[in-house]
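What follows is a single structure, written as structure tokens, with notes after it.
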Amino acid sequence: NGSDSRFYNLTLDPVPGMTGDTPPMTVVGSDSGYLLKPARVNDLVISPGERYTVVVDFTGHSGQWMLHNDAATPYPDDDASIAKITELMRFDVGATATGVDGSTIPARIVETNNNSVPPSASLLTARLRTVQAGEITSGMPQLGDAKALMNFTNPRAATETPQLGSTEAWAMRNHSPDAHPIHEHLVELRLVGRWPVTQWSKQDPKTGDAVPLKVGAFQPPGSWESGPKDTFVASKDFITVWVATYTIGGSSVCDCHLLSHEDGAHVLMMRPLVVGSTDAAAGGWKPDPAGPAGPPALIRRCCRRRPFGT
């Protein structure tokens with residue numbers, strides 16, 4: 001999804017006047033590799049910056065099929081004044097075949113990055129890092145650490161500073177009005193799951209901090225988002241948890257992949273991410289000497305990327 005801000009909920013449906021079963025859709029890959037177990041889906045939510053590899057089997061499904069979208073815009077609460085894009089692509093499937101397709105989707109796709117420790121098991125040894133998304137000023141979302149919302153250059157020092165080689169579990173508390181596709185650069189992520197928040201504390205008017213007071217039952221990842229990824233939907237009024245092992249040192253960013261949120265005038269939803277040999281909480285952060293020279297250089301480097309923002 002290379003859109004600026006639009007989420008899509010994809011379905012494949014017969015055009016008017018057609019009947020018959022819908023061709024099956026199977027998700028076989030995501031942002032950073034293949035799923036261990038390919039997932040059959042009837043619909044697929046994809047946020048800006050996410051990538052999925054989907055196999056559609058049109059065998060025995062001749063006719064015309066429309067790829068539809070019914071996602072709310074903005075997501076998830078909708079705004080009736082924003083135009084909807086409901087029809088994305090039509091597939092015209094012939095009644096005769098010019099050759100034999102002998103391909104199949106395996107029950108398991110074993111790769112080096114999808115067959116290791118389950119993400120939930122990593123919680124036993126991972127260090128917990130709490131981050132948050134919210135708004136102090138309406139319409140101006142920000143990211144922050146466990147204590148306060150911030151923009152990119154305030155404070156200038158990085159607050160997300162994992163140690164090289166360490167495994168961390170990030171818990172994203174989203175008390176903003178929107179869902180955000182949260183992305184970390186230069187690291188592979190695995191989703192643990194989400195917890196709905198039914199009550200937040202009163203937001204601190206200065207720091208923007210809010211903490212969950214009532215939390216609902218754990219929701220495991222959808223089968224389609226269980227593979228290696230670099231971007232996750234941090235849903236509104238949820239705590240979204242993922243794990244990562246930081247194998248690449250240096251300076252990059254973590255950000256929201258809604259372009260109007262991360263690349264706006266104040267760069268509100270982008271924060272420095274620095275992976276080094278000394279963690280800030282363990283005695284003071286020291287920047288990687290090979291990394292770019294501070295936040296301005298990071299902004300220039302990270303805002304000049306391709307639309308998919310890998």
Side-chain angles (χ1 to χ4, degrees), residues 5 47-49 74 126-162 168-187 189 192 194-197 199-213 215 230-244 246 251-276 279-282 284-285 287 294-296 298-299 302-303:
S5 302
S47 68
R127 172 180 175 175
L128 175 64
R129 186 179 296 275
T130 300
V131 292
Q132 61 179 309
E135 295 183 358
I136 299 176
T137 302
S138 179
M140 299 182 69
Q142 295 176 264
L143 293 178
D145 63 6
K147 298 179 180 179
L149 298 175
M150 312 167 195
N151 59 29
F152 190 83
T153 57
N154 184 22
R156 291 179 63 87
T159 53
E160 280 63 64
T161 56
E168 292 197 353
W170 285 37
M172 164 60 70
R173 307 189 318 233
N174 183 6
H175 49 90
S176 80
D178 302 311
H180 299 283
I182 301 298
H183 170 59
E184 290 187 53
H185 286 230
L186 301 181
V187 67
L189 313 174
V192 175
R194 301 176 177 90
W195 285 261
V197 179
Q199 183 181 350
W200 296 95
S201 69
K202 185 177 180 180
Q203 188 178 31
D204 187 297
K206 292 184 178 180
T207 66
D209 185 35
V211 298
L213 299 180
V215 178
D230 61 36
T231 304
F232 291 117
V233 178
S235 302
K236 169 189 174 182
D237 292 327
F238 273 80
I239 302 168
T240 302
V241 177
W242 60 86
V243 293
Y246 294 85
S251 302
S252 61
V253 297
C254 56
D255 57 341
C256 169
H257 253 304
L258 301 184
L259 292 182
S260 54
H261 288 178
E262 66 168 345
D263 292 348
H266 301 287
V267 196
L268 295 175
M269 296 201 77
M270 183 184 290
R271 286 292 299 155
L273 172 62
V274 179
V275 180
D279 189 271
W285 168 63
L298 277 176
I299 287 182
C302 295
C303 291

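These numbers come from the heavy atoms of this one structure, side chains and all, not from hydrogens, waters or symmetry mates.
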Next item on the list: Would you confirm whether Asn174, through its side chain, and Asp237, through its main-chain N or O, come within 3.5 Å as a donor-acceptor pair?
Entry: no

Notebook entry, point to check: Side-chain contact, heavy-atom cut-off 4.5 Å: Ile182 with Val131?
Noted result: no

Notebook entry, point to check: With distance as the sole criterion, is a donor-acceptor pair present between the side chains of Ser176 and Asp178 under 3.5 Å?
Noted result: no

Margin query: Using every non-hydrogen atom in the two residues, find where Pro162 and Arg129 come nearest and quote the distance to one decimal.
Written below: N-NH2, 3.7 Å

Checklist line | Gap between atom OG1 of Thr231 and atom NE2 of His257 - 0.5 Å precision | finding: 4.5 Å

Check: Counting only N and O atoms by type, is there a donor-acceptor contact under 3.5 Å from the side chain of Arg194 to the main-chain atoms of Val233?
Finding: yes

Margin query: As an exercise, state the distance from CE of Met172 to CH2 of Trp242, rounded to the nearest 0.5 Å.
Written below: 4.5 Å

Next item on the list: For the residue pair Pro212 and Ile239, establish whether any side-chain heavy-atom pair is separated by less than 4.5 Å.
Entry: yes

Check: Which atoms form the tightest heavy-atom contact between Ile136 and Pro205, and what is the distance?
Finding: CG2-O, 3.8 Å

Check: Hey, is the main chain of Asn151 close enough, under 3.5 Å, to the side chain of Arg271 for a donor-acceptor pair?
Finding: yes

Next item on the list: Over all heavy atoms of both residues, which pair between Met269 and Pro141 is shortest? Give the atoms and the distance, please.
Entry: CG-O, 3.3 Å

Check: Are a donor atom and an acceptor atom from the side chains of Asp209 and Gln132 found within less than 3.5 Å of each other?
Finding: yes

Next item on the list: Verify the distance criterion only: is there a donor paired with an acceptor across the side chains of Glu160 and Trp170 at less than 3.5 Å?
Entry: no

Item checked: Heavy-atom pair with the smallest gap, counting every atom of Thr240 and Ala234 -> OG1-CA, 3.6 Å

Margin query: If you compare all heavy atoms of Ala146 against all heavy atoms of Arg173, which two are closest, and at what distance to 0.1 Å?
Written below: O-NH2, 3.5 Å

Check: If you look at every heavy atom in Pro48 and Ser5, which pair is closest and at what distance?
Finding: CG-C, 3.8 Å

Check: Can you tell me how far the CG atom of Leu213 sits from the OG atom of Ser201, to the nearest 0.5 Å?
Finding: 5.5 Å

Check: Between CG of Leu149 and CD of Gln142, what distance do you get to the nearest 0.5 Å?
Finding: 5.5 Å

Margin query: Rounded at 0.5 Å granularity, tell me how far NE2 in His261 sits from CE in Met270.
Written below: 13.0 Å

Note to self: For His185 and Ser252, which I'm curious about, is there any donor-acceptor pair between the side chains at under 3.5 Å?
What the structure shows: no

Notebook entry, point to check: Quick one: SG on Cys254 to CG on Asp230, what's the gap to the nearest 0.5 Å?
Noted result: 13.0 Å

